Amino acid sequence: MRAWGFAGAALLMAAATPALAAEAKRSTFGRLPDGRTVEAVTLTNGQGMSATLISYGASIQSVIVPDRQGQPADVALGYATIEEYLAKPQYLGSTVGRFANRIARGRFTLEGRAYTVPVNNGENSLHGGTEGFDKVNWTVRDVKSGPTASVTMRYVSPDNDQGYPGQMTVDCTYSLDERNQLTIEYRATTNAPTIVNITNHAYWNLGGEGSNRGAMGHLVTIPAQTFLPTDAGAIPTGEFRPVEGTAFDFRQPRAVGERVREASDQQILFGRGYDHNWVIGREVTRDLHLMARVEDPVSGRSFELLSNQPGLQFYSGNFLDATTVGKSKRLYRLGDAIVMEPQLFPDTPNRPEFPSARLNPGQTYRNIMVYRFQTSRGAAATAGE
């Protein structure tokens, strides 16, 4: 894997990786109404970082990272109980698919045949439909400790699941190493031609979930020259619009809140903030490349996000409306977290000019995401809201 980063970034990890073994511990998170067990697996390394993953939705339930003072905090939004995930689903840390993001009017054509999938976002289909991957209980297949701790979960999506053709077998592997790298890898195979676009919908607040500061002071860098403008329903128009001179230019670090309310930009009005896809490339690649960098100047926590995908959906938490109570027993409000989703472009099945979402028998779909968590040791800064 190539080493990616920003020149001059004053970020330090451990000078040398200690000879420590990361641990994976399996437990019960709760039970579904039908009595099935929802499992939890906690991955812990020797640097004070841990991640708890649950089988319901193959979801990130918690990610604990120390700040510059060594104080740990949970930086991923989520619930404390399975009952809360069932009562108010909001894709908190969930695996989303079969097709992440939106499909216009819930329709697409494959091999000359028209398919219809559930409409659950205005007139469009979002994140696989009403019963997507986020609302099923995955099977925990493998749990490992060692230099890298990991858990692999599987879901076999039957033919015609939510209207999608072909039986699809999906494996989700979460791993944590001693370099504070949290890796998510999705693999999928099918027994008939189908479409696929799977990603993770983690909500991040590097100051700590439930923090009074929210995430609008986070500094974001996205190395994209263009983004995909949308219609009022968040469906791309097909234009690749330059970011230069717009509120969508994050080629240099900018606070999320600096331009998130730019009412003069029609795209900001459509999304109620940022809810768009940035064009990192035009195809899925063999190697990983930088998708984004996010830093909280106050705590010193940051991450670099790498993936093999061409698009990055950046969502600024525009629909968190203070009706959700998180793990810290605090309300999640507008702008309290951000989401970064490496993926294919939205509505790809209806856009032949976009990279293909087709998966054939004998092929393996892969989406790899690496979160490189780091902590700066400089003096604390004050983040703007």
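Computed from a prediction, not measured in an experiment: that's the story for all the values here. Below, each value reflects all heavy atoms present in this structure, side chains not excepted, and no hydrogens, waters or symmetry copies.
With hydrogens and angles left out, the side-chain atoms of Gln313 and Asp275 include a donor and acceptor closer than 3.5 Å. Between the side chains of Thr95 and Tyr186, at least one donor N or O sits under 3.5 Å from an acceptor N or O. Using modelled atom types, one finds a donor on one side chain and an acceptor on the other under 3.5 Å when comparing Thr323 with Lys88. The closest side-chain donor-acceptor pair between Ser299 and Arg68, if any, does not fall under 3.5 angstrom.
Legend: residues meeting ring pair (Phe, Tyr, Trp, His ring centres under 6.0 Å) with Phe99, ordered by chain and number and at least two apart, are absent.
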- [ ] Go through the steps for Met153 and Leu53 under the test side-chain contact (heavy atoms from CB on, under 4.5 Å), then give the verdict.
- [x] CA-CA 10 Å; Met153 308 180 195; Leu53 306 316; 3.8 Å; yes

Task: Working for side chain to side chain donor-acceptor pair (under 3.5 Å), residues Asp177 and Gln181 - done: CA-CA 6 Å; Asp177 65 19; Gln181 292 189 146; 3.0 Å; yes

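Here Glu209 does not pair with Lys327 in a salt bridge; the nearest charged N to carboxylate O distance is not below 4.0 Å. Contact check on Glu131 versus Lys135 returns no salt bridge, with no Lys/Arg side-chain nitrogen under 4.0 Å from an Asp/Glu carboxylate oxygen. Between Arg358 and Glu111 there is a salt bridge, since at least one side-chain N of the basic residue sits less than 4.0 Å from a carboxylate O of the acidic one. For Asp321 and Arg333, the salt-bridge test fails: no basic side-chain N is under 4.0 Å from an acidic carboxylate O. Classification of Asp171 and Arg154 as a salt-bridged pair holds, one side-chain N sitting under 4.0 Å from a carboxylate O.
Between Phe303 atom CZ and Leu306 atom CG the span is 11.0 Å, to the nearest 0.5 Å. Between Cys172 atom SG and Arg187 atom CZ the span is 12.5 Å, to the nearest 0.5 Å. Atoms CZ and OG1, from Arg241 and Thr230 in turn, are 9.5 Å apart once rounded to the nearest 0.5 Å.
Using cut-offs of 30° and 60° for the angle between ring planes, the Tyr274 and Phe248 rings count as perpendicular. Ring pair Phe345/Phe240 is perpendicular by interplanar angle, where above 60° counts as perpendicular and below 30° as parallel.
The closest side-chain heavy-atom distance from Thr28 to Val38 is not below 4.5 Å.
Formation of a donor-acceptor pair under 3.5 Å by the Asp134 side chain with backbone atoms of Val96 is not found in this model.
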